[in-house]
Amino acid sequence: MMVKKAWNWPHLLLLLWPAYTQGVGVRGVRVVNPPAVLEMPHLVLATTSVLEVRHLVVVAPDTFGVEEVLTGMWAEGVTTEAHLVPHDLSPGVSGRPWSTSNSGSFWGQVNWSFLYGRGSRLQRRHMALLVTGPAPWVLDAAIQMMSRGVLGRWDTLLMAPLGDIVQARDLCPHIPLGVRVALMQLHEQQPSQKEDGWCRGVVRQAQMEDGGRYVLRSVGCWREGQELVLREPFLPAVTSLMGATLKTVIVQGFNEVIPEYVGETVVLKGELGQFLNKVRNNVNFTLDLSYVSGFGVKKNGSFNGAVGVLQRREVDFASASLSVLQERAEVLDFTRWFGMHNTRFLTKMPRLREDHFLLFQIYHWKAWCVIVGFLALASMALGWTWRPTGVSDVWTNTKTRHTAITTTLKTAVYMSSVDVPGNTSGRVVLVWTWVVMIVVVAVYRGNLTSFLSIPRVTTPPHTIRQLIDMGYTLSISRGYSQYAKMKTSPIPDHQEVFRKAQFRQDRGILPEDDVIQEAKTKPIALLVTVMAVTILKDKYSDNIGPVKVCSLRSSSEALFLEIGALGFPRNSPIKELFDRQISRIDSTALKLMPKESCVAPRLEGDTSEALGMVKLGGVLVIWASGLFLASLLFLGETILT
């Protein structure tokens, strides 16, 4: 590949001569011949032309005047911007030699935010970052930029050192995986070396070798005729990590990724682990595992857990399907989503209801009140209309009311009475009272058999509305995404539940045992991570013979959707590799939700069962209450007489 560029740089002498006199020869660095200083911009523009750069960001010490560089780039149709590091932040002040070992504190005062996230991926492919100045300064600046994560996969770092040669051993160990780095060097020209074919300048690029190690390899030769000849593709896209080791973090107790060691090889199992195995085989990398106890909670602007590890750039990615939340997206980058889960709540499993007053539940309590009221009203109506059958009988109002009440009660229990009204109106009231009681008793008797043959089952809430109406309390952990989603949800039912909820702080992926036991016996619903549902169902199931019977159930209605994706540090150069792998297999089931091994209890029988003492207990309680009341009356009558 050959690129030839006509040059007209009338202002380069004014630009680079201060760089030569102020920045190159005052700090003990080997001085380059003035012609070499003047020729570096030619090599830079030839290199940016090969890369089809349309926008160039120049970083240099403020001792360098870059105005003329910007003007020259504008003449070639390249937009530019310059960022100068203040001279008082440079580690070479006061005669101190340039060194990468003692300059970290100085570079820490530089705000590198102007380099992050500059435009879309397409725009960044036509952008480049040029670091120029004395060779030690250029090396130091490049290392600081790369260590702070300001360079991503589609960023290009161009280094144009003056005065000395940047050695591969000083630069390569600091290059992050996936970063595109090119180094432009000028050779000192001797009169005997001006023959044709001699390279006045060399372009070297960082290439990855086995094990993920970077080396500097010469790929371009620049001659005095402003020709840049490339011997191989310049800064090709990284498609393989060449066996490099990536640091990852796994959430303890999370069944998405289960590492198992086969000799010295780590095999990932679990629904997400199987997907990561495919990515690892396609991209070719090994894993260095570490563990945390949770996903991450934000405190004082920073996170702990897996999100905090990513925020501090301690690992290359997190082996967990993190829920995509706005507050997390502010401190880390997400891959393309590969999972969408319906978040539900857990409650106790429906159970057979053993009720002492089951026989009285054939009628609702309101119906029983109506029946009692009817008997009272019928007694009063019969008392008002009652007339004796014979004139010789002496009747009083008290005796009439007493006879009417007893006759009504006898009617209710199908008992005959020797006393009947002597008038027509009283008999009509008595007949219609009989009719009503015949219907009431017949309905009770007819429904008794069918009512007892159907098992009575407790009914936990299935929806968020039922949860509110049935008086359940939602238990929410502060350590996971469900807390943030419920807190910011615009749905009125969610806000009502959140205001009445009880909050817990789980130490791990699962709630504490006392919280689970409380939910199994009380009207409490657990809001947990999607992946914890299966673990909880299996862990707290009941063993009935060889069968594991679930004691917890999930709601049928989803509260909200959770989008799961892998998390990477901000501007990670290798995130695009994982995105590409997700795109390749997005038509398959990337991450299958696990199925619990326990089964729901069977609450229906094929044959009817005999009534036990529990169901008859209510009748005996009423009988015992009557005996107690009779005993009190007996004692009262005895004492009074």
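Here the structure is a predicted model, which means the values were calculated and not measured.
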Is the shortest side-chain N to carboxylate O distance from Glu330 to Arg570 below 4.0 Å? no
Can you name the nearest heavy-atom pair linking [X] to [Y], along with the distance?
{"X": "Met146", "Y": "Val181", "result": "SD-CG2, 4.2 Å"}
{"X": "Phe334", "Y": "Ser323", "result": "CZ-O, 3.8 Å"}
{"X": "Phe295", "Y": "Arg328", "result": "CB-NH2, 3.9 Å"}
{"X": "Ala160", "Y": "Val138", "result": "O-CG2, 4.2 Å"}
{"X": "Pro173", "Y": "Ala168", "result": "CD-O, 3.8 Å"}

Applying salt bridge (charged side-chain N to carboxylate O under 4.0 Å, His left out), name anything that partners [X], two or more places apart in sequence or on another chain.
{"X": "Arg213", "answer": "none"}
{"X": "Arg312", "answer": "Glu314"}
{"X": "Asp538", "answer": "none"}
{"X": "Glu327", "answer": "none"}

Tell me whether [X] contacts the main-chain N or O of [Y] through its side chain, where contact means a donor paired with an acceptor under 3.5 Å.
{"X": "His126", "Y": "Glu52", "answer": "yes"}
{"X": "Asn281", "Y": "Asn277", "answer": "yes"}
{"X": "His83", "Y": "Val59", "answer": "no"}

Please name all residues satisfying ring-ring contact (aromatic ring centres under 6.0 Å, His included) with Tyr214, sequence neighbours left out, ordered by chain then number. none
Please round to the nearest 0.5 Å and tell me the distance separating atom CG of Leu510 and atom OG of Ser477. 10.5 Å
Look up atom CG in Leu268 and atom CZ in Phe275, then write down how far apart they are to the nearest 0.5 Å. 12.0 Å
Side-chain heavy atoms of [X] within contact of [Y], under 4.5 Å:
{"X": "Met184", "Y": "Leu130", "value": "yes"}
{"X": "Leu216", "Y": "Leu183", "value": "yes"}
{"X": "Thr335", "Y": "Lys575", "value": "yes"}
{"X": "Gln311", "Y": "Leu332", "value": "no"}
{"X": "Leu310", "Y": "Val315", "value": "yes"}
{"X": "Ile574", "Y": "Asp316", "value": "yes"}
{"X": "Arg280", "Y": "Leu287", "value": "yes"}
{"X": "Asp155", "Y": "Asn571", "value": "yes"}

Any chance the rings of Phe568 and Phe578 have centres within less than 6.0 Å? yes
So Lys269 and Val257, side chain to side chain contact (heavy atoms under 4.5 Å, CB included) or not? Walk me through it. CA-CA 6 Å; Lys269 295 188 176 181; Val257 180; over 6 Å; no
Polar side chain donor-acceptor pair, Ser218 to Arg231, under 3.5 angstrom: yes
Side-chain donor-acceptor pair under 3.5 Å between Ser583 and Arg336, yes or no? yes
Working for side chain to side chain contact (heavy atoms under 4.5 Å, CB included), residues Gln167 and Ile165: CA-CA 6 Å; Gln167 301 294 336; Ile165 297 176; 4.1 Å; yes
Start with the C-alpha distance between Thr343 and Leu561, add both sets of side-chain angles, then the distance that settles side chain to side chain contact (heavy atoms under 4.5 Å, CB included), and finish with yes or no. CA-CA 6 Å; Thr343 298; Leu561 294 177; over 6 Å; no
Throw together a table of side-chain donor-acceptor distances under 3.5 angstrom for residues 234-254, partners on residues two or more places apart or in other chains.
residue : atom : partner : partner atom : Å
Ser240  : OG   : Met242  : N            : 3.2
Ser240  : OG   : Val283  : O            : 3.3
Thr245  : OG1  : Thr286  : OG1          : 2.9
Thr248  : OG1  : Phe317  : O            : 3.1
Thr248  : OG1  : Ser319  : N            : 3.3
Thr248  : OG1  : Ser319  : OG           : 2.6

Just do the side chain to side chain contact (heavy atoms under 4.5 Å, CB included) check on His174 and Met145 with the steps written out, would you? CA-CA 10 Å; His174 303 282; Met145 293 176 190; over 6 Å; no
Evaluate side chain to side chain donor-acceptor pair (under 3.5 Å) for Glu562 paired with Ser481, printing each intermediate quantity in order. CA-CA 9 Å; Glu562 285 188 276; Ser481 61; 2.6 Å; yes
